[in-house]
Asker: 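What follows is a structure written as structure tokens; I'll ask about it next.
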Amino acid sequence: VAPRSAPLAGVRYSLHLTGPASFTARAAYARSERTVLDPIEPAASRVVLPAARVSLLMADAGLALNLTGFKSWRRLVPELNGGLGVITDFRTNGDVGGFSFGTRFALTLGVGVRYVPGGRFQLRLDLTDNLYRISYPDSYYRTASDGTAILEPTQSKALWTHNPSVTLGVSYLFWR
């Protein structure tokens, strides 16, 4: 019932702090889909919308650490990054089953590599994992008329989920 994988577009701002450390801030938009379920219906007719559209906005800020210091290795600069952020679909009301994605706190962890050929332009490739918590409503644990429930009573009502992303981008250095 949570949003599925989808292409995203975004911007990233990076500010060199000191030595190998940089402050980073990112914002991205994704147009995703999710399944809408009605928990009181029998399993055969429980799916209300198999592909409901949902727009997500993701924003985070954190620190990046260049693994080669303030230099490159063969014009490559590998880095580690991490931060805190939010993911939201700007909705507060639940669907017919009571599920609402809403606004979620997110942890971001990632690795990346920049190609620095000289001049103002750079290429970058990043692999980032956004970790956030999904909470299921009580209605998902109740049995329907056919004796089935969406989730078993032993399943946790909230769990952390991973949302990995691979991004490829071009950077422009304004003050070089």
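Everything quoted here is computed from the prediction, not taken from an experiment. For this chain, numbers begin at 1 and follow the sequence in order.
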Asker: Is there side-chain contact between V1 and Y136, with at least one heavy-atom pair below 4.5 Å?
Answerer: yes
Asker: Determine yes or no for a side-chain-to-main-chain donor-acceptor pair under 3.5 angstrom, with R53 supplying the side chain and E33 the backbone.
Answerer: no
Asker: Taking only residues at least two apart or on different chains, which pairs with a member in residues 38-67 satisfy ring-ring contact (aromatic ring centres under 6.0 Å, His included)?
Answerer: none
Asker: Distance check, rounded to the nearest 0.5 Å: S156 atom OG versus L151 atom CG?
Answerer: 10.0 Å
Asker: State yes or no: are the ring centers of Y172 and F174 separated by less than 6.0 Å?
Answerer: yes
Asker: Give every residue pair that meets the ring-ring contact (aromatic ring centres under 6.0 Å, His included) criterion with at least one member in residues 67-86, sequence neighbours excluded.
Answerer: H16-F70
Asker: Linking I/L/V/M/F/W/Y whenever any side-chain heavy atoms sit under 4.5 Å apart, do L168 and L8 land together?
Answerer: no
Asker: If you compare all heavy atoms of D129 against all heavy atoms of P164, which two are closest, and at what distance to 0.1 Å?
Answerer: OD1-N, 3.7 Å
Asker: Compute the ring centroids of F105 and Y132, then answer whether they are less than 6.0 Å apart.
Answerer: no
Asker: Which atom names give the shortest non-hydrogen contact between E79 and N66, and what distance separates them?
Answerer: OE1-OD1, 3.2 Å
Asker: Side-chain heavy atoms under 4.5 angstrom apart, residues restricted to Ile, Leu, Val, Met, Phe, Trp, Tyr: same cluster for L80 and Y115?
Answerer: yes
Asker: Decide side-chain contact (heavy atoms from CB on, under 4.5 Å) for V36 and V47; before the verdict, give the C-alpha distance in whole Å, the side-chain angles of both, and the deciding distance to 0.1 Å.
Answerer: CA-CA 6 Å; V36 177; V47 177; over 6 Å; no
Asker: Using distance alone, with no hydrogens and no angle criterion, decide if R26 and T128 have a side-chain donor and acceptor under 3.5 Å apart.
Answerer: yes
Asker: Atom CD of E41 and atom CG of D146: how far apart are they, to the nearest 0.5 Å?
Answerer: 9.5 Å
Asker: Could you state the interatomic distance from CZ (R91) to CG (N93), rounded to the nearest 0.5 Å?
Answerer: 10.0 Å
Asker: Are V11 and L173 joined in one hydrophobic group, where the rule is that I, L, V, M, F, W and Y side chains link up if heavy atoms are under 4.5 Å apart?
Answerer: no
Asker: R133 side chain to W160 main-chain N or O, any donor-acceptor pair under 3.5 Å?
Answerer: no
Asker: Would V54 end up clustered with F90 when hydrophobic side chains under 4.5 Å apart are linked, directly or stepwise?
Answerer: no
Asker: Is there a donor-acceptor contact under 3.5 Å from the side chain of D89 to the main chain of G102?
Answerer: yes
Asker: Determine, stepwise, if the pair L17 / S22 fulfils side-chain contact (heavy atoms from CB on, under 4.5 Å).
Answerer: CA-CA 5 Å; L17 296 175; S22 296; 5.5 Å; no
Asker: Between atom OG1 of T103 and atom CD1 of I87, what is the distance when rounded to the nearest 0.5 Å?
Answerer: 10.0 Å
Asker: Establish, from distance only, whether the side-chain atoms of R4 and T35 form a donor-acceptor pair under 3.5 Å.
Answerer: yes
Asker: Please find the pair of heavy atoms, one from Y29 and one from S55, that lie closest to each other, and give the distance.
Answerer: OH-OG, 3.0 Å
Asker: Could you pull out the closest heavy-atom pair between V48 and L37, with the gap in Å?
Answerer: CG2-C, 4.2 Å
Asker: Give a yes or no on whether L15 and L65 share a hydrophobic cluster (residues Ile, Leu, Val, Met, Phe, Trp, Tyr; joining criterion: side-chain heavy atoms under 4.5 Å apart).
Answerer: no
Asker: Does the side chain of L123 come within less than 4.5 Å of V170's, by heavy atoms?
Answerer: yes
Asker: For the atom pair CG (D60) and OG1 (T24), what is the distance rounded to the nearest 0.5 Å?
Answerer: 6.5 Å
Asker: Looking only at heavy atoms, what is the nearest atom pair of G94 and S100, with distance?
Answerer: CA-CB, 3.8 Å
Asker: Is R114 close to L76 at the side-chain level, that is, under 4.5 Å between some pair of heavy atoms?
Answerer: no
Asker: Does either side chain, that of R46 or that of T148, offer a donor lying less than 3.5 Å from an acceptor on the other one?
Answerer: yes
Asker: Locate the shortest heavy-atom distance separating G97 from Y140; write the atom from each residue and the value.
Answerer: O-CE1, 3.6 Å
Asker: Got a second to check how far L131's CG is from N163's CG, nearest 0.5 Å?
Answerer: 9.0 Å
Asker: Would S165 and M58 count as a side-chain contact (heavy atoms from CB on, under 4.5 Å) if you check the C-alpha gap in whole Å, the side-chain angles of each, and the deciding distance to 0.1 Å?
Answerer: CA-CA 12 Å; S165 63; M58 297 166 265; over 6 Å; no
Asker: Going by heavy atoms in the side chains, are P20 and L67 under 4.5 Å from each other?
Answerer: no
Asker: Just wondering, do L56 and R31 contact through their side chains at under 4.5 Å, heavy atoms?
Answerer: no
Asker: Does any part of the side chain of V77, heavy atoms only, come nearer than 4.5 Å to the side chain of V113, both counted from C-beta?
Answerer: no
Asker: Report yes if the side chains of F101 and T88 come closer than 4.5 Å at any heavy-atom pair, otherwise no.
Answerer: no
Asker: Find out whether F99 and I134 are in side-chain contact, i.e. whether some heavy atom of one side chain is under 4.5 Å from a heavy atom of the other.
Answerer: yes
